[in-house]
Amino acid sequence: MSITITLPDGSNRQYDASTTGYQIASDIGPRLASAAVAVTVDGEPYDLHRPIDRNASVSVITENTEAGRHVIRHSAAHIMAQAVLDLFPGATFAIGPAIDDGFYYDFSVERPFAPDDLNAIEDRMAEIVAADQPFERSELSIAEALETFADHPFKVEIIKGVDADEGVAGDTVSTYRNDGFLDLCRGPHLPSTGRLKAFQLMRAAGAYWRGNEDNPQLQRIYGTAWESKKALDDYLNMLEEASKRDHRRLGVDLDLYSFPSELGAGLAVWHPKGGTLRRAVEDYSRRTHAAHGYEHVMSPHLAKADLWETSGHVNFYRDAMYPAMELDRGSHGKGQDYFVKPMNCPFHILIYKARSRSYRELPLRLFELGTVYRYERSGVLHGLMRVRGFTQDDSHIFTTEEDLADELQRLLDFVLMVLRDFGFDEFEADLSTRPEKYVGDPDMWERAEAYLASALETADLSYQLAPGEGAFYGPKIDIHIKDALGRRWQLSTIQVDFGQPENFELEYATNENTRKRPVMVHRALLGSVERFIGILVEHHAGAFPAWLSPVQATVVPVADRHNEYATAIGDRLVEAGVRVEVDTADETVGEKLRNAITQKTPAILVVGDNDVENKTAGVRMRGEDKEARGVPIEKVIADLVELVAPPR
RNA sequence: GCCGGGGUAGCUCAGGGGUAGAGCAACGCACUCGUAAUGCGUAGGUCGCGGGUUCAAAUCCCGCCUCCGGCUCCA
């Protein structure tokens with residue numbers, strides 16, 4: 001019997017009903033055949049050697065694509081599990097998917113894996129790869145599978161689970177066998193273990209079964225696998241580059257901030273240079289908000305428990321709040337509980353409520369660089385990226401529902417402008433819609449979701465829908481940026497809130513002198529200033545755009561006798577608004593230059609005899625290894641003034 | 001919080017029951033130098049904190065703090 005195979009280019013080929021993806025790939029070309037790791041048949045992933053027995057559209061998955069690497073990594077996970085089960089008698093295995101950049105597998109073992117164990121496992125994996133064992137697919141009924149995996153309780157749970165997605169489809173499950181190792185798996189897999197060309201185990205860690213702390217903790221091993229040794233090396237180099245850019249390391253090298261253990265976990269102090277950087281960021285934020293119709297407000301760090309009860313935080317957010325402090329306790333009576341603020345919104349609401357509001361003053365945009373404190377569990381703290389006290393560029397917009405669409409559009413334009421000004425130009429957005437538990441009118445929700453979507457479309461921002469992921473009080477947009485290493489960070493968030501205006505009974509007077517309830521929008525552009533600066537440091541690898549650099553220019557005198565001239569130039573630059581250092585250290589030019597380069601100073605001015613005589617300087621810009629000699633000092637100053645100008 | 005690995009000079013790290021080590025940084029002296037490390041010298045440590053074992057603890061044991069990698073959550 002003959003079947004018709006349709007290829008992605010629309011062409012058709014005739015085959016026997018027992019053909020395989022490998023056969024088809026080979027007919028197209030030998031190079032494709034050797035790069036192929038699997039195929040899709042009418043969109044469904046198939047092993048290369050799994051027979052295709054019907055008319056279908058087939059496309060070949062090659063090893064150098066994300067889909068291809070997914071297959072490679074999934075097979076690598078199997079081979080690792082096989083090695084672990086070989087080496088650790090009594091071990092049982094749970095789940096082992098491919099993930100971004102690699103794979104992991106979770107095991108239940110008698111003792112946690114030690115670093116040396118990973119080497120042994122890697123060696124065993126290499127043997128399995130060398131043996132080039134074919135992966136063989138077969139299908140079992142649920143009953144057969146339960147019997148087959150009776151010794152592996154986590155597999156049994158997966159087989160029984162209706163929602164589980166690991167190889168479960170209808171009445172049967174598929175398994176893959178290579179040599180003596182059998183795993184429950186949906187596939188597809190590489191044709192054989194020998195096709196795993198480049199892999200490395202990365203680390204072991206504890207992980208809860210299904211990510212739930214109430215479940216037993218398993219031992220997870222992370223690995224990475226690639227289509228070639230070169231691709232693996234590139235990835236390892238990227239990790240190396242990332243660790244060189246680590247904001248915690250650069251924080252020390254560039255003297256920006258530190259995390260003294262005397263302070264406590266998750267708390268940072270800002271050194272003068274970090275303080276300067278942070279002030280540049282915050283000044284920019286204040287300036288641009290003022291220019292975009294925001295009014296600056298300020299609020300204290302504490303408020304009475306009553307306020308947090310009205311706002312719902314005590315009910316919904318208490319886990320992340322610091323415990324209450326009882327103040328003003330009299331000699332017999334009970335005092336008043338106060339909470340440190342985890343959010344700024346209730347304060348801004350109180351400002352709104354301070355007097356009656358008219359439709360004429362809406363949208364009212366209240367802005368604050370508000371420092372909030374959230375209790376984060378000790379294990380999750382991470383440099384500036386995850387701290388226990390941080391400052392949000394926070395704003396609450398009070399608007400009529402009629403103005404909401406326009407306001408969201410303006411807001412999104414503003415967000416993108418700000419992120420671009422800091423050097424980010426790749427964005428992705430998530431639109432999170434109404435969850436099962438929600439407050440407010442469903443029609444209003446739908447309208448707000450539509451406004452958010454249309455704002456995204458008008459801004460030409462690609463976005464993913466996250467159905468049901470909105471907060472209970474309103475839908476939201478989250479904006480992610482991609483940094484210089486291609487990593488994705490969530491920065492901005494725009495959240496519509498139907499709940500708080502209700503909680504606080506907010507109103508405004510309409511043009512007909514009736515009372516209506518405003519809609520609130522919570523939004524933060526940089527998110528947390530601390531975290532944002534951590535991301536900036538890593539994105540720019542510490543070589544900040546000149547307007548953000550703590551030191552924008554360093555003046556290097558060639559010898560002692562040029563110190564006076566160098567200092568005079570420094571004074572001129574300070575007057576012109578440039579952040580400058582004059583390096584009069586008793587060192588060679590080479591050493592002083594090296595220090596300034598290591599500190600990633602945007603501009604270095606070297607001055608010697610010729611410069612003193614001619615009122616010039618040698619100018620060496622960051623990233624260039626050729627300098628300009630004898631530049632007239634007036635031009636140097638004018639150029640630097642231009643260089644350090646903020647984007648707006 | 002849980003699992004694993006760490007904490008020795010400002011930084012990066014070696015050492016491992018019996019007088020605490022290196023490189024860089026710092027400080028001093030000499031050198032006065034034209035685009036990525038001048039030379040010589042000096043100083044610097046309750047070996048994270050507390051308790052225990054021991055004639056003796058940085059080293060072994062216990063507890064705590066803190067950092068790193070994960071789990072979970074999010075700015």
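Chain letters run A, B, ... following the sequence lines, proteins first, then strands; residues in each count from 1.
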Exercise for review: Spell out yes or no: do the side chain of Arg594(A) and the base of U35(B) have one donor N/O and one acceptor N/O closer than 3.5 Å?
Suggested key: no
Exercise for review: Report the relative orientation of the aromatic rings in Phe414(A) and His289(A); use parallel for angles under 30°, tilted for 30 to 60°, perpendicular for over 60°.
Suggested key: perpendicular
Study note, to complete from the structure: Taken to the nearest whole Å, CG/Asn215(A) to P/C2(B) is 17 Å
Study note, to complete from the structure: Testing U66(B), A36(B), C74(B) for proximity to the side chain of Arg386(A), the answer is C74(B)
Practice item. Quick one: label Gly590(A) by what it contacts on the DNA or RNA (base, sugar-phosphate, nothing), any heavy atom closer than 4.0 Å. Key: sugar-phosphate
Review point. Has Arg111(A) got a side-chain N or O lying under 4.0 Å from the OP1 or OP2 atom of G4(B)?
Key: no
Study note, to complete from the structure: To the nearest angstrom, the NE2-P distance between His562(A) and U32(B) comes to 13 Å
Exercise for review: Report yes if the ring of Phe113(A) lies under 5.5 Å from the six-membered base ring of G4(B) with planes under 30°, and no otherwise.
Suggested key: no
Exercise for review: Only one of Arg487(A), Lys244(A), Arg245(A) passes salt bridge (Lys or Arg N to Asp or Glu O under 4.0 Å) with Glu538(A); say which it is.
Suggested key: Arg487(A)
Exercise for review: Give me the ring orientation class for His247(A) and His382(A): parallel if the planes are under 30° apart, tilted from 30 to 60°, perpendicular past 60°.
Suggested key: tilted
Practice item. Please tell me which of the listed nucleotides, U38(B), G69(B), U35(B), lies nearest to the side chain of His382(A)? Key: G69(B)
Practice item. Could you tell me whether the side chain of Gln217(A) has a donor or acceptor atom within less than 3.5 Å of a complementary atom in the base of C2(B)? Key: yes
**Study point:** Interatomic distance, Arg561(A) CZ vs C33(B) C1' [rounded to whole Å]
**Key:** 8 Å
Practice item. Side chain of Gln219(A) only, please: which of C3(B), G70(B), C71(B) is the nearest? Key: C3(B)
Practice item. Quick one: sort the His396(A) and His348(A) rings into parallel, tilted or perpendicular, breaks at 30° and 60°. Key: perpendicular
Check your understanding: Looking at G70(B), does its base get a donor-acceptor pair with the side chain of Tyr208(A) below 3.5 Å?
Key -> no
Review point. Are OP1 or OP2 of C71(B) and a side-chain N or O of Tyr222(A) less than 4.0 angstrom apart?
Key: yes
**Study point:** Identified pairing partner of G41(B), criterion: Watson-Crick or G-U wobble below 3.5 Å
**Key:** C27(B)
Point to revise | Arg248(A) side-chain N/O to G69(B) phosphate OP1/OP2 under 4.0 Å | key: yes
**Study point:** Whole-Å gap separating P (C71(B)) and CZ (Arg210(A))
**Key:** 17 Å
Exercise for review: Classify the ring geometry between Phe532(A) and Phe422(A) as parallel (under 30°), tilted (30 to 60°) or perpendicular (over 60°).
Suggested key: perpendicular
Check your understanding: What nucleic acid atoms does Arg620(A) come within less than 4.0 Å of, heavy atoms only: base, sugar-phosphate, or nothing?
Key -> base
Review point. Out of U35(B), C11(B), A36(B), which has the shortest distance to the side chain of Val252(A)?
Key: C11(B)
Review point. Contact class for Arg629(A) (heavy atom, under 4.0 Å): base, sugar-phosphate, or nothing?
Key: base
Review point. Counting side-chain heavy atoms from CB outward, which of G70(B), G1(B), A75(B) is closest to Gln392(A)?
Key: A75(B)
Practice item. Give the rounded distance in Å between these two atoms: NZ of Lys592(A) and C1' of C31(B). Key: 12 Å
Exercise for review: Return the nearest nucleotide to the side chain of Val589(A); candidates are A75(B), C33(B), G1(B).
Suggested key: C33(B)
Point to revise | Atom-to-atom span, CD of Glu591(A) to P of A36(B) - whole angstrom | key: 12 Å
Point to revise | Rounded interatomic separation in angstrom, taking CD from Glu376(A) and P from U66(B) | key: 15 Å
Point to revise | Pair of N/O donor and acceptor under 3.5 Å linking G34(B) base with Asp609(A) side chain | key: no
Review point. Roughly, in whole Å, what's the span from CZ in Arg388(A) to C1' in C73(B)?
Key: 14 Å
Check your understanding: Of the nucleotides A36(B), G34(B), U32(B), which has the atom closest to the Thr598(A) side chain?
Key -> A36(B)
Practice item. Give me the one residue out of Tyr222(A), Phe113(A), Tyr104(A), Phe103(A) that meets side-chain contact (heavy atoms from CB on, under 4.5 Å) with Leu201(A). Key: Phe103(A)
Practice item. Report yes if a side-chain nitrogen or oxygen of Thr493(A) is closer than 4.0 Å to either non-bridging phosphate oxygen (OP1 or OP2) of A75(B); otherwise report no. Key: no
Check your understanding: What's the closest nucleotide to the Ala265(A) side chain, out of A75(B), G34(B), C67(B)?
Key -> C67(B)
